[in-house]
Amino acid sequence: MTSSTQSSLLEGLTEPQQKAVLYQDGPLLVLAGPGSGKTRVITHRIAHLVRSGELASSILAVTFTNKAAGEMRRRVQTLLSERGQDATRILACTFHSFGARVLRGYAAEAGVAADFTVLDADDQAKACKQAMVESGEGTAHLTPRTVLNEISGFKDLLISSDQAVSEARDWRARSVARIYSVYEKVLRRSSALDFDDLLCRVALLVRNHESVRNQLQKRFRNILVDEYQDTNHAQFSMVLDLAKQHRRLCVVGDPDQSIYGWRGADLGNILKFEEHFPDARVVALGENFRSTELIVHAASVLVQNNRQRRHKELRSMRGAGEAPRYSRCMDERLEAARVVQEAQQASQNGMPWRSMAVLYRMNSMSRVLEEAFRREGIPHQVVRGTAFYDRREVKDLVGYLRLVANPHDELALSRIVNVPPRGLGSTSFSKIELHAARKGIPLIDAMAAPKEAGVLARAATAATALAAKIRGWRHSAETQSAESLSDMLGQIARESGLESHYLAEDREAADQGESRVENLAQVVSAAAEFVAERSMQESQDEVGTPWGTALDALRAYLERIALVSDSDNFDPERGAVTLMTLHAAKGLEFALVCMVGLEQGSLPHARSLDASGDLEEERRLCFVGMTRAEDRLLLTSAAVRTVRGQTLATIESMFIRELNNELVHEEETNEASDDDQTLPSHSSHRSGLRAGMRVRHPLFGIGTVEGISPRGSGTAVRVAFAAVGHKTLMLEFAKLQILG
DNA sequence: CCGTCCGAGTTTTTT
DNA sequence: ACTCGGACGG
């Protein structure tokens, strides 16, 4: 390699960044604080590997979302194409899609069906419920949710259902373990895998199957893992086994940004990297090129309240900038109004809408914000309100598609067996299910010969017809080319009867605005786009199989659908304000960030308020949100919030207290929505007093108004006094002086 | 077998 | 507030 090769690649990189790009003598941990040029380091490192002679196809780059993978591939390509080199054979993908690819390539060795379906969360829940019924375990104190969580935990730790059963020590654990066994049977019967299978089955495959391990080690000599702080045990085990021969492993992450502990992410993976790899080199990137000094400092002050962390200095490489601001609003509608006002003001100062984001803890908080933005006519995009693929009609069509791709998919079958209504109700379907179970034949075969199950003639005819239709579609999928995928989907939408079914429903609910038939059409056109996209980038020679037939294309399309993430449908070019959860915002940056709902119970979330480890994760989540902001940061809370129909007073987030000196506290006026009819009482209007206002009482001193409500013929005011705590006073008698 | 009504449970975050 | 599942009447 010539020195000119290096200089062009390393240009503009800081010294630690260069080290992270160049070091190739063993395992490398890059501790990358927010805004420290992490993506730049990874892309340059990959480009450097290729330039120094490594085959592009020997590089595996694991990212957190498909979007990030695509972006990485694009950026590496740009770096490489200057010298006429090619990045297309680099495999950049998520852990889950890597897992799916490996399992398709080594289905026999892994002991899975080659045409397996990936279950979505809904089906997983259904499969779990079914397992609870079939296992006959008393389910009174076990919810599918908790059972599923525990099953997920087992799979993460690579514990099989047999092991779980034999290691169960009490009655409850035995019960869960038995359900786990039956759950596995249900999935196997359906040739289905859940998300965790995509990780744990690969981890077990590379651990136990020497020849597969050797092949994969040989193929992927260079491994990079982004967002390493969010890997779980199965992922760690997989990476360890894949990398242990060549030891050319580079992991990048930030313990302070670990926010997926609830789904098994193990902070120990990054905190103890050097214990796992004693010869590892560590490079810390603490210079922040994204945010101004006051923002970085505030975020840093907050996260320093955590105990479980690796100390790392964060320095802003930009000017001081504006201090982050905090506004306590009276309720969530006024909070939304405050956010809208902030966005409008920024816009007037020349900031484009696409550089602004509103972040919240829970998806349910998006609605009131969305309404406010819509009312003001501000362009905005909600990154997953209800995801497109969660809609009923879309799931129905996808159900048919899944059956064509994998006729054993019982979960898909039970979803669509009577949609549209075809005279095959639950009674007959259960009989067919029972018959299949008794004879030990696949459900779809029992559907084809329903008479034996002893169902009514009408139901039998319907069952035979449905089975025949599925067989017919499958036949054409096998014989047609990949290009005709979308035509095929259109055909299935029509011939299944879904289209006319939903056409009728659309007519009945014409006022609803959204057309279900249009959504069906969108699935069809999305498939067309998918095929076009794929043929443009040519076959990437991945571990999976190349596609020739429509069936191959269909499988790939279904897999894509199953593995899309929320942030995958974030489009930075849309010229709109982005509304999304704090989790979805990871890895992104915006000139202006508004974080709403800084309240105990929201952020930190109620579920984390007991265990201290969880609380630290909430603090990290807050840290992640704050560090998305480049120039301006506004935090807000609502003194009163309506959740599930109940309006309750809130307590300000403890994080606000921790940040106290770093924030400029706004005096809330909330003049913007005086026309709002939902304000608690008119008397409060007359007096001009509002929650969040500062008042002085002759005896109790200075306090903040928390709420106002009618009481008898007068008005009660609840005030939090700095000196004496909470008091409820009658407005008419208490001599309150309004400070603002 | 199908539609409607009623009551119960909501479960943070997501691949 | 909202959705899902179960019971009941057509």
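Reminder, nothing fancy here: chain letters follow the sequence lines and each chain counts from 1.
Side chain of A:Phe195, nearest nucleotide from B:dT15, B:dT11, B:dT12: B:dT15. Checking B:dT11, B:dC2, B:dT13 against every side-chain atom of A:Arg607, the shortest atom distance belongs to B:dT11. Between B:dT11, B:dG3, B:dT13, one nucleotide has an atom nearer to the side chain of A:Pro421 than all others, and that is B:dG3. Listed nucleotides B:dT13, B:dT15, B:dC1 differ in distance to A:Arg458; the shortest reach to its side chain belongs to B:dC1.
Among the heavy atoms of the strands, none lies under 4.0 Å from A:Asp196. At a threshold of 4.0 angstrom between heavy atoms, the contacts of A:Tyr260 are confined to the sugar-phosphate backbone, with no base atom among them.
Taking a centre distance below 5.5 Å and an interplanar angle below 30 degrees as the stacking criterion, A:Trp262 does not stack against the six-membered base ring of B:dT12.
Listed by chain and residue number, A:Gln257, A:Lys312 satisfy the side-chain hydrogen bond (donor to acceptor under 3.5 Å, both in side chains) test with A:Asp254 (two or more places apart in sequence, or in another chain). The side-chain hydrogen bond (donor to acceptor under 3.5 Å, both in side chains) test applied to A:Glu71 returns A:Arg74, not counting sequence neighbours.
Using a 30° and 60° split on the angle between ring planes, A:Trp262 and A:His583 fall in the perpendicular class, above 60°.
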query: What string of B, S and - do you get for nucleotides 1-10 of chain C, 5' to 3', if B is base contact, S is sugar-phosphate-only contact and - is no contact with any protein heavy atom under 4.0 Å?
result: BS--S-----
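Note on A:Asn363: every side-chain N or O is 4.0 Å or more away from OP1 and OP2 of B:dT12.
Here the separation of C:dC4 from B:dT13, taken at their P atoms, is 16 Å to the nearest Å.
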